[in-house]
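As structure tokens, the structure follows; a few thoughts come after it.
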Amino acid sequence: FTPFLIIKHSKSSSESLDQTSMKVISQLRNKQGFTDQDGWRFETFQITLQADDGKNVVHKINYLIHTSGAVITSQYKAYNDSIRMAMFIKLILGPYAAKVAPTENPTDSKLYLWQDNCSLHKVKWLDNIYTEQGVTVGYLPANMTWRLQVLDLVVNGPLKAEIRNKRAAQLVDYMQEFRKEFEQNQNATWKPPKPTIPQAMKDLLELLHGRFDEEEFKESIRSTFRKTGCSEQHAGGFVNFSYDDNQGSIPLPPSGTQIKSEKEVALDFEDYLNAADEENAEDIDFD
């Protein structure tokens, strides 16, 4: 699989539609391991959307893309949003679908994407992008993420555990070095190194291209898709689930939920552009 990593920066897209002034990606490209010589290319993603007043708004976002296809970009609070979702579809899913299942018609469905019901996944204008990239989308039953979302079940836990273990090992190494220094100088200052963005990105990429790229781990993911009814079992057919509310069993197959109405999407988009509740933040300390 191809990583799509997001780093925190200081302003939301409502404050700055043109996010190319954010510094973290341009700073990262100058760090060892993320230069042109290391296989990384600096690019700007641009997309034009129509706001509620009918005017077009242009979003611009910097990102790094590796020769392997891995992408690193940034966002206020470092989470995904509908604009970054468009980036993910165009930069990761589309190229992958074209590679593994090429068809004569570029809009033919080549990839099936299961998603939960997070609002950013169901913004109406993303539909055209899914179609043009050959991606068919399915939505898990609402409020069932904890039972059916494969990322939550078998990926996120091990990922966080590996990151904690790596950080703990770094602190142990520092403690051992500090102990030697303290034996010689009792005025030595305890100052364990803080994680930096470049090192964090290197650690993540190393993990994703290491243990998480092993066949055993990939099979655990495929197995979870089968056990949650998101893909067909070896013997054929799908696992089905039912919900018992003491009034009988209601069939609950892993089918989609209703797409938001145009009014709901418009309200979401207005909130996204205004984001009045988001606080300003200073640019993070890169080193």
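We use all heavy atoms of the structure for the numbers below, so side chains are in, but hydrogens, waters and symmetry mates are not. Since we're looking at a predicted model, the values are computed, not measured.
For S21 against D18, the heavy-atom pair with the smallest separation is OG-O, 4.1 Å. Taking both residues in full, the closest heavy atoms of T224 and T228 are given as O-OG1, 2.8 Å, listed atom of the first, atom of the second, then distance. For P198 against K31, the heavy-atom pair with the smallest separation is CG-CG, 3.7 Å. P3 approaches I92 most closely through the heavy-atom pair O-CD1, 3.9 Å. Across all non-hydrogen atoms, the minimal contact from R84 to S74 is NH2-O, 2.9 Å. In terms of heavy-atom proximity, L28 sits nearest to F34 at O-CB, 3.3 Å.
Crowding of E215 atom CD: a count of heavy atoms from other residues, nucleotides or ligands under 6.0 Å exceeding 12. Around the CH2 atom of W146, the shell of radius 6.0 Å holds no more than 12 heavy atoms that belong to other residues, nucleotides or ligands. Other residues, nucleotides and ligands contribute only 12 or fewer heavy atoms inside 6.0 Å of the NZ atom of K227. Counting heavy-atom neighbours within 6.0 Å of N143 CG, excluding the residue itself, gives a total of 12 or less.
Distance check, rounded to the nearest 0.5 Å: CG of N30 to CD1 of I25 gives 11.5 Å. The distance from atom CD of Q149 to atom CG of N117, rounded to the nearest 0.5 Å, is 10.5 Å. One distance of note links OH of Y112 with OG of S231; it measures 11.5 Å at 0.5 Å rounding. In this structure, K23 NZ and S10 OG are separated by 8.0 Å, a value rounded to the nearest 0.5 Å. With rounding to the nearest 0.5 angstrom, the CZ atom of F178 is 13.0 Å from the CG atom of L171. Rounded to the nearest 0.5 Å, atoms OG1 (T20) and NZ (K60) are 6.5 Å apart.
Side-chain contact between Q115 and V137: present, with at least one pair of heavy atoms (C-beta onward) separated by less than 4.5 Å. Residues Q170 and P193 fail the side-chain proximity criterion, which asks for heavy atoms closer than 4.5 Å. The closest side-chain heavy-atom distance from L140 to C230 is below 4.5 Å. Under the 4.5 Å side-chain criterion, counting only non-hydrogen atoms from C-beta, V239 is in contact with Q233.
Looking only at distances, no side-chain donor or acceptor of S223 sits under 3.5 Å from a matching main-chain atom of E219. The main-chain N or O of G236 is never found under 3.5 Å from a side-chain atom of E232 such that the two would form a donor-acceptor pair. Under the 3.5 Å distance criterion, the side-chain polar atoms of Y174 are left unmatched by any main-chain donor or acceptor of W190. Under a 3.5 Å cut-off, the side chain of E162 and the backbone N or O of L204 do not form any donor-acceptor pair.
Under the 4.5 Å side-chain heavy-atom criterion for Ile, Leu, Val, Met, Phe, Trp and Tyr, Y139 and W125 are members of the same hydrophobic cluster. By the rule that hydrophobic residues join a cluster once side-chain heavy atoms approach within less than 4.5 Å of another member, L205 and L151 end up as members of one cluster. Residues M85 and L17 are members of one and the same hydrophobic cluster, defined by side-chain heavy-atom contacts under 4.5 angstrom among Ile, Leu, Val, Met, Phe, Trp and Tyr.
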Problem - Step-by-step side chain to side chain contact (heavy atoms under 4.5 Å, CB included) determination, K124 to D127 - result: CA-CA 6 Å; K124 193 67 178 177; D127 289 349; 3.4 Å; yes
Problem - Intermediate values then yes/no, side chain to side chain contact (heavy atoms under 4.5 Å, CB included), H121 and D116 - result: CA-CA 8 Å; H121 295 156; D116 59 28; 3.1 Å; yes
Handout entry: Worked check of side chain to side chain contact (heavy atoms under 4.5 Å, CB included) between N80 and Q75
Key = CA-CA 7 Å; N80 199 9; Q75 198 269 345; over 6 Å; no
Problem - Worked check of side chain to side chain contact (heavy atoms under 4.5 Å, CB included) between F4 and T73 - result: CA-CA 8 Å; F4 185 82; T73 189; 3.9 Å; yes
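Under the 6.0 Å cut-off for aromatic ring centres, F42 and W40 do not qualify, their centroids lying 6.0 Å or more apart.
A salt bridge does not link R29 with E43: none of the charged nitrogens is closer than 4.0 Å to a carboxylate oxygen. Using a cut-off of 4.0 Å between Lys/Arg side-chain N and Asp/Glu carboxylate O, E132 and K90 are scored as salt-bridged.
Q199 and D203 share a side-chain donor-acceptor pair at under 3.5 Å. Judged by distance alone, the side chains of T35 and D38 do bring a donor and an acceptor atom under 3.5 Å apart.
Between L113 and the choices V135, T136, I89, the side-chain contact (heavy atoms from CB on, under 4.5 Å) rule is met once, by V135. For the side-chain contact (heavy atoms from CB on, under 4.5 Å) with Y63, the lone residue among I6, L5, L91, T44 that qualifies is L91. Just one of E181, E183, M175, Q176 meets the side-chain contact (heavy atoms from CB on, under 4.5 Å) condition when paired with R179; it is E183.
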